[in-house]
Amino acid sequence: FRYNRNDVDADTKRISTLNGVTKWKEWEEETRSMYSMMYNRLMENGDVEAADYVVGLARNAAKEMREAMRCQRKILS
């Protein structure tokens with residue numbers, strides 16, 4: 001999309017920001033899901049140390065997802 005300065009109002013900014021935050025949240029959900037699958041594989045293979053590391057990554061992804069959700073609520077309020 002191409003907007004010039006006169007085309008952008010508060011609603012346009014809000015919608016664009018909400019779209020970006022929604023994509024961020026979706027990315028974090030996919031990342032957390034992938035980490036969960038990798039954790040299960042590592043545990044099946046007996047690689048506990050690597051699985052513990054992946055748990056930390058999954059927690060970070062969950063934290064980012066919560067932050068994205070918080071941003072969404074703030075934008076929508």
Side-chain angles (χ1 to χ4, degrees):
F1 298 95
R2 292 191 178 252
Y3 294 103
N4 65 39
R5 188 178 264 290
N6 296 329
D7 294 335
V8 178
D9 61 4
D11 257 0
T12 306
K13 289 179 188 177
R14 186 169 85 50
I15 290 168
S16 295
T17 304
L18 183 59
N19 288 340
V21 170
T22 300
K23 288 185 185 295
W24 172 30
K25 181 178 155 261
E26 290 168 358
W27 169 269
E28 295 299 343
E29 286 173 341
E30 291 172 14
T31 302
R32 189 181 65 162
S33 176
M34 186 219 27
Y35 287 149
S36 294
M37 288 187 302
M38 292 310 298
Y39 171 82
N40 289 333
R41 280 190 194 164
L42 289 166
M43 288 302 286
E44 287 171 3
N45 293 334
D47 195 349
V48 176
E49 186 176 340
D52 283 344
Y53 180 76
V54 171
V55 165
L57 295 174
R59 285 184 184 139
N60 288 341
K63 182 179 174 184
E64 289 291 319
M65 195 173 67
R66 285 191 301 273
E67 181 63 27
M69 292 168 66
R70 194 176 2 250
C71 287
Q72 279 181 322
R73 285 191 301 271
K74 185 176 179 181
I75 293 167
L76 291 172
S77 64

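Residues meeting the salt bridge (charged side-chain N to carboxylate O under 4.0 Å, His left out) test with Arg59, sequence neighbours left out: none. In this view, Ser33 satisfies the side-chain contact (heavy atoms from CB on, under 4.5 Å) rule with no residue, not counting sequence neighbours. By the side-chain contact (heavy atoms from CB on, under 4.5 Å) test, Thr22 is found to be paired with Leu18, Glu26, Gln72, residues two or more places apart in sequence or in another chain being considered. Shown here are the side-chain contact (heavy atoms from CB on, under 4.5 Å) partners of Asn6, two or more places apart in sequence or in another chain: Asn4. With sequence neighbours excluded, the residues forming a side-chain contact (heavy atoms from CB on, under 4.5 Å) with Arg14 are Asp11, Ile75, Leu76, listed by chain and number. The side-chain hydrogen bond (donor to acceptor under 3.5 Å, both in side chains) check on Glu30 picks up nothing, with sequence neighbours excluded.
The hydrophobic clustering, which links ILVMFWY residues whose side-chain heavy atoms are closer than 4.5 Å, places Tyr39 and Met34 together.
Interatomic distance, Asn60 CG to Tyr35 OH, rounded to the nearest 0.5 Å: 8.0 Å. To the nearest 0.5 Å, the span separating CG on Asn45 from CG on Asn40 amounts to 11.0 Å. To the nearest 0.5 Å, atoms CH2 (Trp24) and CD (Glu64) are separated by 5.5 Å. Distance check: Arg66 CZ to Glu28 CD gives 11.0 Å after rounding to the nearest 0.5 Å.
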Verify side-chain hydrogen bond (donor to acceptor under 3.5 Å, both in side chains) between Asp9 and Thr12, making sure each step is shown before the conclusion. CA-CA 5 Å; Asp9 61 4; Thr12 306; 2.7 Å; yes
Criterion salt bridge (charged side-chain N to carboxylate O under 4.0 Å, His left out) on Glu29 and Arg32, from CA distance to verdict: CA-CA 5 Å; Glu29 286 173 341; Arg32 189 181 65 162; over 6 Å; no
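Side chain of Ser77 to main chain of Lys74: a donor-acceptor pair is present (N/O by atom type, distance under 3.5 Å, no hydrogens or angles).
The two residues Cys71 and Val21 make their nearest non-hydrogen contact at CB-CG1, 3.9 Å. Contact detail for Ala61 and Thr31: the closest heavy-atom pair is CB-CG2, 4.3 Å.
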